Amino acid sequence: MTQTLEAAADEQADRTGPPNPAPRVRRWARLEFDNWALLLLPLLGFLTLVFVIPLLLLLSKSFTDPAVGLANYSDILTNPLYLKVLRNTFVTAITVTLVTVVIAFPFAYLMTLATPFWRGVMMIAVLIPFWTSLLVRSFALVLLLRDTGVINTVLDSVGVIDEPIPMLRHLSGVMFGMVQITLPFAVLPLYATMRTIDRRLLLAAESLGARPSVAFWKVFVPLTIPGVFAGLILVFIQALGYYITPALLGGPQNTMIGQLIVEQVSTVLKFGFAAALAVVLLGSTLILLAIASRFVDMKKYLMGSK
Amino acid sequence: MSTAHRRTRLATGLTLVAAAVAACGSSAGDPSKTLEVTMWGGSAQRAHVDTYIKPWAEANGLTVSEDSPTDYAKIKAQVDSKNVTWGVTEVEPNFSETACASGVLTKLTPEVKQAATDAGINPGYINDCAIPNLSYAFTIAYNTDTFADNHPKTWAEFFDTQLFPGKRGFWKYATGGMFEAALLADGVPADQLYPLDLDRAFRKLDTIKQDIVFYETGDEQAQLVASGEAPLVQAWNGRIYHAAKEGQPVANEWGQNLVSYDQVVIPAGYPNTDLAMKWMTAFVGDVQGQAADAEASAYDPINPKAMELVDPEVAKELATFPANQAQAATTMNYKYWAENYNTATERLNAWALS
């Protein structure tokens with residue numbers, strides 16, 4: 001109640017007061033009690049119902065099923081199999097993230113330079129796969145990548161290779177599939193960031209004597225960093241949870257934790273253990289993000305700078 | 001598609017699955033006159049439901065609603081939340097054994113057991129909660145282009161990469177017949193296979209590890225051998241027969257085949273258990289329905305008399321055809337698998353990962 005009054009007073013101050021910015025605390029208070037914020041309530045209710053509550057249930061299951069205690073977690077930490085899968089998951093996700101962003105950067109850059117027609121074509125090239133089912137794309141890649149698939153058959157018939165290049169059921173197949181799927185998540189934020197960069201800054205740098213490459217690296221690239229981080233984080237977090245793509249395109253050596261969770265639930269019926277694996281995945285993701293946020297201002301990159 | 005969403009899906013899946021299934025399970029008509037059927041899906045389920053479930057249901061004024069595929073996690077979640085919507089459910093025998101013992105499945109009534117005995121059904125295929133609905137075999141499937149003149153006829157030859165070069169496909173599944181095949185290849189007599197010597201099986205598998213390709217689904221299985229990517233695959237006879245009929249260069253070798261079977265069960269607490277039991281009682285003696293199913297699905301009927309009614313062209317492709325049965329090494333021992341499934345699965349995963 002008092003806060004509502006405060007907000008009202010705040011509004012009052014806005015109308016009558018001088019145009020200097022309100023103190024920081026006040027701005028936050030007003031932000032919370034803006035009437036528009038009520039629109040968030042249905043969303044919050046929905047999130048509580050379908051995300052927070054299940055997450056809490058999952059957490060409690062990991063400590064109580066099949067018996068109360070830490071057995072599920074000690075199983076994970078003492079079994080080299082699960083630690084290996086966990087390591088695989090992070091190594092794959094990190095590699096996929098780096099490759100994706102390295103490919104997406106020049107693509108997004110070219111989009112900012114292209115004529116409207118070619119920009120449209122490039123945008124469609126990114127979006128059409130984005131709108132196509134992940135399962136369909138993964139199956140299509142099976143036909144391309146297998147030993148008797150399109151790529152190996154073509155390379156063999158033109159005499160480039162004698163033995164088929166192993167791609168399917170191999171890390172390279174998983175990388176191929178995952179990068180292809182995560183690419184839009186890096187291209188779109190990168191393009192959004194690059195589009196807003198004032199190109200006259202480059203001209204200014206060049207007029208002050210910088211070579212174009214120096215202007216690019218010292219002026220343009222630093223300004224793209226918010227987009228790069230947005231892309232890195234979006235891609236990395238979703239890459240951690242993949243299971244269909246590595247299951248279809250990878251071999252057993254490329255097992256990721258998502259597959260392990262599915263198997264624990266649906267074939268061995270160890271719900272509690274699967275819950276513990278999910279909690280470990282979530283926890284280690286959060287820890288990693290926390291570490292990253294010590295080095296970069298997450299809020300700035302994820303929510304936009306104010 | 002974020003991990004958060006996936007995790008939500010998993011969690012809600014565990015808690016809300018019963019509600020979701022309830023919403024789509026019983027759509028048609030009076031719920032007390034509907035029999036819910038869940039099987040592995042695809043053309044096989046189509047064949048089973050059309051030949052031996054729908055005709056019986058219609059004759060008794062019932063409707064049938066279907067779901068697929070069977071998912072053991074969903075069965076457990078339904079029973080745990082006391083909101084069971086799956087009635088007749090097709091499962092693997094090791095699951096029926098463990099789930100029966102833990103109270104997840106309904107025990108068969110004496111009428112069903114009596115009817116199964118009267119029908120002459122193999123008593124080894126029946127337990128307290130399950131009757132069989134079909135049988136099949138793990139065979140050596142081979143690509144007829146790659147091995148036009150000579151192909152492996154025993155598991156020892158299947159493991160011989162010198163004599164028969166190329167990749168070998170196995171189902172990545174502990175009860176998928178891989179350990180049995182490895183031990184037979186290593187010279188263990190068929191009647192001494194169980195309990196399986198897993199150490200010895202893994203040592204044998206080690207010898208061809210570089211040439212092993214794992215598949216997870218029946219489609220992958222047929223595709224591997226038909227495309228020649230893995231010209232040899234340990235396969236389900238029905239899949240290969242269908243692929244061959246569609247003109248793919250594949251065939252079944254019946255030497256040392258491993259006989260297996262599926263069962264139908266009723267999850268504990270299913271509201272129309274009496275209807276499901278009545279269907280089971282009728283099914284075991286339904287020779288016409290079973291024969292029609294065998295012709296449509298290429299899986300074996302479980303009533304021996306039904307075999308006589310099957311079109312001879314199809315019959316010779318079935319596991320219980322005398323010439324094929326004579327070559328069988330053994331029947332999969334699902335009592336063993338009920339006890340050892342989890343440990344073997346874990347070892348298999350660790351072995352495949354390393």
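Keep in mind that this is a model prediction, so the values were computed, not measured. In what follows, chains are A, B, ... by sequence order, proteins preceding strands, each numbered from 1.
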Closest contact, heavy atoms only, B:Ala352 versus A:Pro252: CB-CB, 3.3 Å
Side chain, backbone, both or neither of A:Leu168 within contact of chain B (heavy atoms, under 4.5 Å): side chain
Note: A:Arg146-B:Glu220 ion pair, threshold 4.0 Å (strictly below): no
Heavy-atom side-chain proximity of B:Glu216 to A:Leu248 below 4.5 angstrom: no
Heavy-atom contact with chain A under 4.5 Å, split by part of B:Leu224: side chain
Over 12 foreign heavy atoms within 6.0 Å of CG, A:Asp162: no
Contact class of B:Asp71 relative to chain A, heavy atoms under 4.5 angstrom: side chain
Top contributor to chain B contacts, counting heavy-atom pairs under 4.5 Å, from A:Arg169, A:Lys84, A:Lys270: A:Arg169
Chain A contact residues among residues 92-107 of chain B, heavy-atom distance under 4.5 Å: B:Phe95
Which atoms of B:Tyr341 approach chain A - backbone, side chain, both or neither, heavy atom under 4.5 Å: side chain
B:Glu346 vs A:Asn79, side-chain contact (heavy atoms from CB on, under 4.5 Å): CA-CA, chis, key distance, verdict: CA-CA 10 Å; B:Glu346 200 154 290; A:Asn79 190 328; 3.4 Å; yes
Contacting moiety of A:Leu143, where chain B heavy atoms sit under 4.5 Å: side chain
Heavy-atom neighbours of A:Phe139 CZ exceed 12 at 6.0 Å: no
B:Lys335, NZ: over 12 other non-hydrogen atoms inside 6.0 angstrom: no
Rounded distance (nearest 0.5 Å) linking atom CG of A:Leu269 with atom CG of B:Asn342: 8.0 Å
Spacing of B:Glu229 atom CD and A:Thr148 atom OG1 [to the nearest 0.5 Å]: 4.5 Å
Nearest heavy atoms of B:Gln223 and A:Val142, plus distance in Å: OE1-CG1, 4.0 Å
Which atom of B:Leu353 lies closest to which atom of A:Gln253, heavy atoms considered: O-CG, 3.6 Å
